[in-house]
Amino acid sequence: MAVAALRKYEFEPADAPAKFHGAQLLYVGWEDHLMFCAPFAFPLPPTMPFRAVVEQVLPGAFGYHPDFARIDWAKAEWFKSGRPWTPDFDKSLADNGLGHKDVIRFCTPGLTGIAGSCS
């Protein structure tokens, strides 16, 4: 059943980009690794190179999983909003088309966590 508003209401979202002091939220998830139940949210500058996210940000979130050290990033499969996507590691988040509250996920063939599998 759909919800119908009784009257129009307008408000500024609590998570609007202006509230992040030049950063934007980027959600990153690791497919098939059930140790992480949902994507992590990172407040990152849109000018940050994608390579810095992989090399400097992701280890702090996913690095304690034993599979993380064995990732071959050249073979990782990426998804943006559920669709296959190929990031350019040397371009910024903005230049890769990533905006505020975008969701990306990566799959690591051969490293499937706890009985998982990349599909």
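If you look at F50 and W78, their ring centroids are closer than 6.0 Å.
Enclosure of atom NZ in K75 is not indicated, since only 12 or fewer non-hydrogen atoms of other residues, nucleotides or ligands lie within 6.0 angstrom.
Taken from CG in L111 to NE2 in H65, the straight-line distance is 9.0 Å, to the nearest 0.5 Å. Here the SG atom belonging to C107 is positioned 6.0 Å from the CD atom belonging to E31, to the nearest 0.5 angstrom. Annotation: the span from D32 atom CG to T108 atom OG1 amounts to 7.5 Å, rounded to 0.5 Å.
Of the options Y27, F79, F62, F36, a ring pair (Phe, Tyr, Trp, His ring centres under 6.0 Å) to F106 is made by F62 and by none of the others.
Among all heavy-atom pairs drawn from L93 and L44, the shortest one is CD1-CB, 3.8 Å. When all heavy atoms are compared, the tightest approach of P59 to E55 is CG-O, 3.4 Å. Contact between F20 and D15 at its shortest, heavy atoms only, is CE1-O, 3.5 Å. P46 and S92 get closest at one heavy-atom pair: O-CB, 3.4 Å.
Between L58 and W30 there is no side-chain heavy-atom pair separated by less than 4.5 Å. Side-chain contact check for I104 versus L98: some heavy-atom pair is nearer than 4.5 Å. Two residues are said to be in side-chain contact when any heavy atoms from C-beta on lie closer than 4.5 Å; P43 and L25 meet this criterion. A heavy-atom distance below 4.5 Å is found between the side chains of K19 and E12.
Criterion: ILVMFWY side-chain heavy atoms under 4.5 Å apart, direct or through other members. Under it, F40 and V53 are part of a common hydrophobic cluster. Taking hydrophobic clusters as Ile, Leu, Val, Met, Phe, Trp and Tyr residues chained together by side-chain heavy-atom distances below 4.5 Å, V103 does not share a cluster with L26.
H100 places no side-chain N or O within donor-acceptor distance of the main-chain N or O of Q24, the cut-off being under 3.5 Å. No donor-acceptor distance shorter than 3.5 angstrom exists from the side chain of K91 to the backbone of G97, with no hydrogens or angles considered. For H33 (side chain) and M35 (main-chain N/O), no donor-acceptor pair under 3.5 Å exists by modelled atom type. A distance-only check finds a donor-acceptor pair linking the side chain of N96 to the backbone of D88 [under 3.5 Å].
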